[in-house]
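In what follows, a structure is listed as structure tokens, so that the remarks can point back to it.
Since this is a predicted model, take the numbers as computed values, not measurements.
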Amino acid sequence: MTHARKADDLPLLMRYWRIGMRWRWVIIGVPLTALLLGLIITMLMTRQYTARATIEISRQQEKIVNVQGVEPENSAADFEFYQTQYALLKARSLAARVVKQLKLGESDQFFKSFGVTPPGTSMLTASVPDRLTQPVRDERTKVATKLLLDNIEIEPVRASRLVNVMFTSPDPQLAMQITNAWTQNFIGANLDRRFEATSYARTFLEGRLESLRQRMEIAERALVNYAAAQQIIDLSSSGTDKGQRQERPIVADDLATLNAALGTATAERIAAESRLGAGGAARSGSSPEVMASGAIMGLRQRRAELSGDYAKLMTQFEPGYPPALAINRQIAALDDSIAREQGRISGSFQSTYRDALAREGGLRTKVDELKKSLLDLRRRSIQYNIYQRDVDTNRELYNGLLQRYKEIGVAGGVGTNNVAIVDAAELPTGPSSPKLLFNLAFALFAGIVLTGAIVFALEQIDEAITDPSDVTKETGLPLLGTIPKPSDGHSSIDALADRKSPTAEAYLSVQTSLGFSTDHGVPRTLAVTSTRPAEGKSTTAYAIAQALNLTGRRAVLIDGDLRSPSVHVLLGMSNLMGVSNFLVGEENLESLMVMGQHGFKVMTAGPQPPNAGELLSSPRFGILLNRLLESYDHVIVDSPPVLGIADAPLIASMVEGVVYAIEARGARSSVIRSAIARLANANVLGVILTKFDPKKAHFGYGYDYGYGYGHNDKVS
């Protein structure tokens, strides 16, 4: 009895294991082939040598002078700056500089080392650099530049300002030379870009300075002409804003001076008026001016002395005493002098007041006139100020550009650089490629991936029925039995001769299944067909007939495949008489049947007729079945294949049941379903899976008939 485990009952790993066992030769062969190809390709590859140099790219150049250049300074986290530098390291212009420096475009050896035919070189004559035309030189330079760009590699060192520059070439000496030339030319190109930027800026500023100078000259001329026409005269004075010079009109200075003088005159007039109001005190001799007068003080002192002398005389003499009278006359004279002096001082107050008042009035008049002149000047200075601002603006722009022009000149002449060579390239001591272990590992990995893809594709496109569990799912018919594939070198007939063989036991299981197919057991008329030839239908028909005879039933096997009969070949008997003879009119059935080697009657197909389809569709085939049933319990018909001809559907419609034989890993399931659909008018009892190899199935199957697997007979 067949024991099978369905796909859904197996663990996932077991499913994969079964798939792997099924395609084990693909799984083993593809990776091994990939390894072998990887080894061969590695051995045939040209040895490549890589030279490496390391440079440092700083964000800021060293400040030799505290002057900014044309390019702005980079910030501490300027990501774009380094990305730009990496792109410049792989620029085509840099490769062209290296080609020009090393004269690679003129070197045929350089092109040949990379396996490239130098442009301008024919197969008959070698090129001579001195004789190359300019178009050919340009083409060689272009090709050499592309070769450099294809083989240069820029590798930034993470978390640092270092960059590795690597060049790969079949010639180690050439790789070292190109790498070092690459780094040196990168520094030179960097300096050239700075110089070119400075030179461009200087040229641009020179043009702008000349333009501003002309504009400033025109503006100053317009200012001077307008000032002359309007009689506007300004004086320069020191401003308060960072020492700048300011223009001030003369009228303003005059007004300021006269206004100050007016203030002084007003103060003097007020003082004179105050002194004039105190004129009575001056006449009485109590005013400050009188008290401060030296002459009056001298006269008063003399009078005091004379008054003292007179008082002494009066103590001794009478007022009429002559000396006393003389002193008295002197005192009277002094009093007159003091009065006259006090009167003079009082008169001077009046004169001073009149002078102060007149001076104040004159200054006030002049100030009023200057005010009017200044207001008029300011009205006329509106356009003047417009001209003045135009002059000042042009002068400021000119001075700023002139200062920047000088700074750029200094910065451009310094020649600082932010790129430095840390390690120069050295001569490579060994090839960098091909790498045997890496290539083999990659080949193995590619082989494994390819194997997975192939196995997956094979699983997807494989429509053949491989496992017994797929029969019902693919055909919709029950599985009657699974017949193992015969061993190499033995036929199925030999296997059936041994009743203990797995093949014989399998067909006994089929007979048992057929016993449950109808209410009266095994159908009396039974046809065995298949999708295409050589699927084991003839062997199946023979085995069913044999199994029925072994159980005591009388069964007869007839070959219904009139176009390509195979029963006589399978049993090794003559095919001179058979089914075709009866169909054309022969009535003696016994003369048409032959006793088979296993003890039951067999009717071969007989001579091949030209119209097999017409014979099978005639009533004679039904008569044949009925007459055989009169003498036998079962009639087993070896039917032709279904596809391609109408014979099988005709036979199937005349029998009680049809057994469909399917070869494991044979026809596609879609073709099998199409063939079964042609048997719509027949009673298809089920499917027998023939030539089944458990080792190539998805899942595990075994046969346990009580005899084991020790039988050595081989069945085909």
**Request:** Kindly say whether G105 contributes a backbone atom to a donor-acceptor pair with the side chain of T141 at under 3.5 angstrom?
**Result:** no
**Prompt:** Given V642 and Y660, is the side chain to side chain contact (heavy atoms under 4.5 Å, CB included) satisfied, shown in steps?
**Reply:** CA-CA 10 Å; V642 176; Y660 203 92; 3.9 Å; yes
**Asked** What's the shortest heavy-atom distance between F111 and R140, and which atoms?
**Response** CZ-O, 3.4 Å
Output side-chain donor-acceptor pairs under 3.5 Å for residues 27-40, partner residues at least two apart or in another chain, one line each.
from, atom 1, to, atom 2, distance (Å)
T33, OG1, G29, O, 2.7

**Request:** Before giving the answer on side chain to side chain contact (heavy atoms under 4.5 Å, CB included), spell out for N151 and F114 the whole-Å C-alpha distance, their side-chain angles and the decisive distance to 0.1 Å.
**Result:** CA-CA 10 Å; N151 291 275; F114 286 97; 3.5 Å; yes
**Fill in**
By salt bridge (Lys or Arg N to Asp or Glu O under 4.0 Å), D390 pairs with (sequence neighbours left out) none
**Message:** Out of the candidates T475, L477, T482, only one should pair with L479 under the side chain to side chain contact (heavy atoms under 4.5 Å, CB included) rule; please name it.
**Reply:** T482
**Message:** Once you measure the plane-to-plane angle for F442 and F438, does it fall in the parallel (<30°), tilted (30-60°) or perpendicular (>60°) bin?
**Reply:** parallel
Taking distance alone, no hydrogens or angles, what donor-acceptor pairs closer than 3.5 Å link side-chain atoms of residues 49-56 to residues at least two apart or in another chain?
from, atom 1, to, atom 2, distance (Å)
T50, OG1, T168, OG1, 2.8
T50, OG1, S432, OG, 2.6
R52, NH1, E155, OE1, 3.3
T54, OG1, N164, OD1, 2.9
E56, OE2, R161, NH2, 3.2

**Item:** Residues that K142 engages under salt bridge (Lys or Arg N to Asp or Glu O under 4.0 Å), provided they are two or more places apart
**Value:** none
**Message:** Enumerate the salt bridge (Lys or Arg N to Asp or Glu O under 4.0 Å) contacts for residues 25-40, please, sequence neighbours excluded, ordered by first and then second residue.
**Reply:** none
**Item:** Results of salt bridge (Lys or Arg N to Asp or Glu O under 4.0 Å) for E210 - residues two or more places apart only
**Value:** R213
